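One structure is given below, encoded as structure tokens.
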Number of protein chains: 2
Amino acid sequence: MPSSTVENYLKEILVESIHSESGLVSMGKIAECLQVTPGTATTMVKGLEKKGWVNYRPRQGVKLTTSGRKLGMSMLRRHRLLETFLVETLDLDWGEIHDEAEELEHAISEKVLEKLDEFLGRPTHDPHGDPIPTSKGNMPEASDLSLLDCTVGQTAKIESIQDQSREFLKFARKNKLLPGSKIEVIQLDRIADTMQIKVGLKSFLNIGSKTAEKIVVHRSGEMEQ
Amino acid sequence: MPSSTVENYLKEILVESIHSESGLVSMGKIAECLQVTPGTATTMVKGLEKKGWVNYRPRQGVKLTTSGRKLGMSMLRRHRLLETFLVETLDLDWGEIHDEAEELEHAISEKVLEKLDEFLGRPTHDPHGDPIPTSKGNMPEASDLSLLDCTVGQTAKIESIQDQSREFLKFARKNKLLPGSKIEVIQLDRIADTMQIKVGLKSFLNIGSKTAEKIVVHRSGEMEQ
DNA sequence: AATTAGACTTTGATTAATCAAAGTTTATTT
DNA sequence: AAATAAACTTTGATTAATCAAAGTCTAATT
């Protein structure tokens, strides 16, 4: 039975491998995600390899095996279902749920998770707009388009918010940057690194590229479900 | 911040100290409850003392300090509220919830617990009939009367079932031995170590003293709420 | 080609929780 | 009072996860 630590490593490696084209994840990235020193990440990853959850090439990076991917997906499912429960059922604040789910995901059994999924009506997306893997380990592809990829005049719909910190989510909520919100790019200045957007029908907002990159969108008309 | 292990030790010491008149709990009892060797219990308890959660007298036993009692109560509250949630909301089976709650109780925060308590309507007793400590750490006194203390002809109402194992709970449910059920003692044989009881209006059952001791009751008419 | 910065790996130590087995105390029986 | 059993404590070892610091590689500059 994998420890909570192993579960965390596999979940983070999964998430990072999705965001990397090669599928390889570096030790530095792992150390950063898990808030450990690089030496710890190396040691841990070698342990994961010995157990058959990853393939590791020194100084190249690490890749999940089929069983590692399965476990990582299961953790992502737990995490996102729990976040949904915390918002929908217990009415917790958007900004609080990430850390809470981070703890609970290691303690909830498959059986309870299945009951929870049923109770919630088998949701497909969590409160941040991220897709929830099915119990089979499938996950709908997410858009790879952020606000940063949009040009002046384009309209788009927010799919998800890629920053789970309290701070950022508070900012996002205050400015109605929520999954489903309609956005229009009004102005763009690459040199000044700023972008003016219209949120909804009458609200305007200036954001920098770092923030724009965290708003994942699909262009209006596409991918409606 | 106390580890899950510390939380478990304090919770079990609390429960056992309630069941002992002196308030002292032996190393053997702790080792048995936590499924560790006596040596481990001794070592661990010395650590708990160093942190100020218990007072330990070698070969006498251990007693909770005020802060240890507080932490133990908080764990008991978590455990019993979670059990209630698992049965009431997620419709899990009576026999399954103990082990599930045992894991979740270490992962749930005070904030989420408070929301859960509110969502459940601030229940006072868990599905086994045990009282749920309040957030202040108060817990209604439970009856100290088991079926074993009743004599022929007496009637009583089941308050709680003091065995959390799947096996026993399956037996209890099958025979309608549930909190609230009305019991009448029909026959008693101390030598043969057996007791015949009427459960409800027409169902009869033979049980031994070990089982009778696990059925905590209050005599009919007393303590109605 | 030599230097250097940055990323990575190795090494040695630490902490928490545990066990097995040996040693000690206490209480009970003879 | 001696012997014994039962309960408890001590000791030495183990495992998982971690860090700091020293060492090694790789790739980019000079």
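By convention in this document, chain letters (A, B, ...) are assigned in the order of the sequence lines, proteins followed by strands, and residues within each chain are numbered from 1. Because the structure is predicted, anything quoted here is derived from the model rather than measured.
- Within the 4.0 Å cut-off from OP1 or OP2 of dC8(D), not a single side-chain nitrogen or oxygen of Thr42(B) is found.
- Ranking dT24(C), dT24(D), dT18(D) by closeness to the Arg59(B) side chain, first place goes to dT24(C).
- Proximity of Lys63(A) to Val25(A): side-chain heavy atoms (C-beta onward) are nowhere separated by under 4.5 Å.
- Aromatic pair Phe119(A)/Phe85(B): ring centres not closer than 6.0 Å.
- Residue-to-nucleotide proximity on DNA chain D shows that, of Gln60(A) and Val6(A), the 5′-proximal contact is made by Val6(A).
- The side chain of Ser3(B) has dA17(C) as its nearest neighbour among dA17(D), dT18(D), dA17(C).
- Sorted by residue number, the members of residues 24-39 of chain A with any non-hydrogen atom under 4.0 Å from DNA chain C read Ser26(A), Met27(A), Gly28(A), Pro38(A), Gly39(A).
- When rounded to the nearest whole Å, the span between NZ of Lys46(B) and P of dT9(D) equals 8 Å.
- In this structure, the ring of His98(A) has its center less than 6.0 angstrom from the ring center of His79(A).
- In this structure, the CG atom of Asn8(A) is 11 Å from the P atom of dA17(D), given to the nearest Å.
- Looking only at side-chain heavy atoms (C-beta outward), His218(A) and Leu145(A) stay at 4.5 Å or farther from each other.
- Between Glu16(B) and Lys11(B) there is no salt bridge, since no side-chain nitrogen of the basic residue lies less than 4.0 Å from a carboxylate oxygen of the acidic one.
- Summarising the geometry, the separation between CH2 on Trp53(B) and P on dA16(C) is reported as 11 Å, rounded to the nearest angstrom.
- Among the protein residues, Thr40(B) comes within range of the nucleic acid bases, having at least one heavy atom under 4.0 Å from a base atom.
- Between dC8(D) and Tyr56(B), no contact under 4.0 Å exists linking OP1 or OP2 to a side-chain N or O.
- Between the NE2 atom of His106(B) and the P atom of dA17(C) there is a distance of 12 Å, given to the nearest Å.
- Atom NZ of Lys115(B) sits in a crowded spot, with more than 12 heavy atoms from other residues, nucleotides or ligands closer than 6.0 Å.
- In this structure, Lys46(A) forms no cation-pi arrangement with Tyr56(A), as its terminal cationic atom is not both closer than 6.0 Å to the ring centre and no more than 45° off the ring axis.
- dC8(D) atom P lies 18 Å from atom CE of Met44(B), rounded to whole Å.
- We find that CZ of Arg57(B) is positioned 16 Å from P of dC8(D), with the value rounded to whole Å.
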